[in-house]
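Heads up, the thing below is written out as structure tokens.
For ligands, and for the atoms within them, numbers begin at 1 and follow the listed sequence.
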Amino acid sequence: MGKTEQILPASVDHHGFQIPRHLAWRTGRLDRFREVSDEHIAHLEAFGGLGGARHVVEIGCGVGRDAIPLMRVLPDDGSYLGIDIIRGSIDWAGANIAAKDARFRFVHFDVADKQHNPGGSEGMETYEIPCVDGSQDLVFLYSVFTHMFPGDVARYLAEFQRVLRPGGCVLASMFTMDRGLISYLQAIGGGGLRALTFSHEVEEGFFHNDPEVVPGATAYSLDRLGVMVSNAGLVPERFVRGSCRKDREFDVNGQDLVVLRKPAF
Ligand SMILES: C[S@@+](CC[C@H](N)C(=O)[O-])C[C@H]1O[C@@H](n2cnc3c(N)ncnc32)[C@H](O)[C@@H]1O
């Protein structure tokens with residue numbers, strides 16, 4: 001057995017849950033697993049109205065890094081639905097989180113995805129989040145729009161509008177870009193975890209870090225995103241500048257935070 005194998009435990013302890021290391025790794029940032037989750041919950045409280053939310057959906061929940069701390073936050077009559085495209089993560093979260101807490105539910109979305117779910121059979125274009133119209137207070141997604149293409153993001157936005165109650169909120173972490181920021185990132189050798197520069201503007205306002213790597217990292221101009229948000233019937237409420245900017249307000253892997261709202265009337 002090599003030295004590395006000896007020192008790496010088979011699971012990651014997260015609030016007392018023993019998450020298999022290979023699944024925790026696919027959720028990301030094993031080096032800061034707990035801290036990332038603490039930051040996510042703090043942002044949901046500060047910007048997403050988590051304190052007043054009863055019914056919550058998380059897209060791209062992975063193995064439940066954020067669901068686990070939410071077990072202590074969600075009200076007794078609340079509900080949480082986690083959706084992910086990695087079957088193993090959803091199976092583990094169902095067997096270990098939902099099995100302990102009836103407010104929690106995890107559903108696999110079998111969409112074809114080269115990186116996370118090769119061989120998937122469902123299409124994004126017709127996907128429906130398994131929730132009744134107007135039933136949810138908050139939809140959130142961390143590090144999911146960061147690699148998605150415009151048609152798929154548009155489909156999710158339309159679904160968020162459908163499942164949210166009037167006045168409900170979306171919080172998404174993602175990369176937003178403009179030419180000035182790209183020049184700055186090129187000058188400093190790239191921002192974020194993997195030194196991203198988003199130098200390829202594939203379509204107006206839609207940037208790819210490296211079109212040879214699919215899905216890879218993607219970014220949107222605020223103008224392009226604004227049109228997509230408005231087409232979905234949502235309203236931009238807050239933009240929080242992330243860590244690839246000189247004037248950053250917070251630090252999460254170079255991403256920004258976007259807060260959207262479904263109009264109350
Ligand atoms: C970097 S991980 C982040 C996991 C989790 N949001 C967190 O921060 O703890 C991205 C997750 O998004 C999931 N994902 C990717 N594309 C997705 C899609 N179209 N719909 C739902 N989940 C998706 C991946 O399977 C993966 O678990």
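- Of the protein's non-hydrogen atoms, the one nearest atom 17 (C) of ligand 1 is Ile85 CD1, 3.7 Å.
- Nearest protein heavy-atom contact of atom 2 (S) of ligand 1 is Thr27 O, 3.3 Å.
- Closest protein heavy atom to atom 6 (N) of ligand 1: Gly60 O, 2.7 Å.
- The nearest heavy-atom contact from the protein to atom 27 (O) of ligand 1 is Asp84 OD2, 2.7 Å.
- By the 4.5 Å heavy-atom criterion applied to side chains, Phe145 and Leu157 are counted as neighbours.
- A salt bridge does not link Glu125 with Arg155: none of the charged nitrogens is closer than 4.0 Å to a carboxylate oxygen.
- In this structure Asp13 satisfies the side-chain hydrogen bond (donor to acceptor under 3.5 Å, both in side chains) test together with Gln18, sequence neighbours excluded.
- Of all protein heavy atoms, the one lying nearest to atom 16 (N) of ligand 1 is His147 NE2, 3.3 Å.
- Between the Arg26 side chain and the Ile86 main chain, no donor and acceptor come within less than 3.5 Å of each other.
- For Asp77 and Arg54, the salt-bridge test passes: some basic side-chain N is under 4.0 Å from an acidic carboxylate O.
- With 3.5 Å as the limit, one finds no donor-acceptor pair spanning the side chains of Asp84 and Ser89.
- Near Ile59, meaning under 4.0 Å from one of its heavy atoms, ligand 1 places the atoms 21 (C).
- Geometrically, ligand 1 and Val36 share no nitrogen or oxygen pair separated by less than 3.5 Å.
- Using a 4.0 Å cut-off between charged nitrogen and carboxylate oxygen, Glu35 and Arg29 do not count as a salt-bridge pair.
- By the side-chain hydrogen bond (donor to acceptor under 3.5 Å, both in side chains) test, Glu58 is found to be paired with Tyr80, residues two or more places apart in sequence or in another chain being considered.
- In this structure, atom 8 (O) of ligand 1 lies nearest to the protein heavy atom His40 CE1, 3.2 Å.
- At the top of the distance list for atom 9 (O) of ligand 1, counting protein heavy atoms only, stands Arg65 NE, 2.8 Å.
- Polar contact check, Tyr156 against ligand 1: a nitrogen or oxygen pair lies under 3.5 Å apart.
- Contact annotation for Val144 and ligand 1: only side-chain heavy atoms (C-beta onward) come within less than 4.0 Å of the ligand.
- By the 4.0 Å heavy-atom criterion, Glu58 is counted among the residues contacting ligand 1.
- Closest to atom 10 (C) of ligand 1, if we only count protein heavy atoms, is Ser143 O, 3.4 Å.
- Close contacts between ligand 1 and Gly62 involve ligand atoms 27 (O) [criterion: under 4.0 Å to a heavy atom].
- For Ser173 (side chain) and Gln255 (main-chain N/O), no donor-acceptor pair under 3.5 Å exists by modelled atom type.
- Close N/O approach between Tyr142 and ligand 1 is found [any backbone or side-chain N/O within under 3.5 Å].
- Within a 6.0 Å sphere centred on CD of Glu204, other residues, nucleotides and ligands contribute 12 heavy atoms or fewer.
- Under a 4.0 Å heavy-atom criterion, Gly28 is not in contact with ligand 1.
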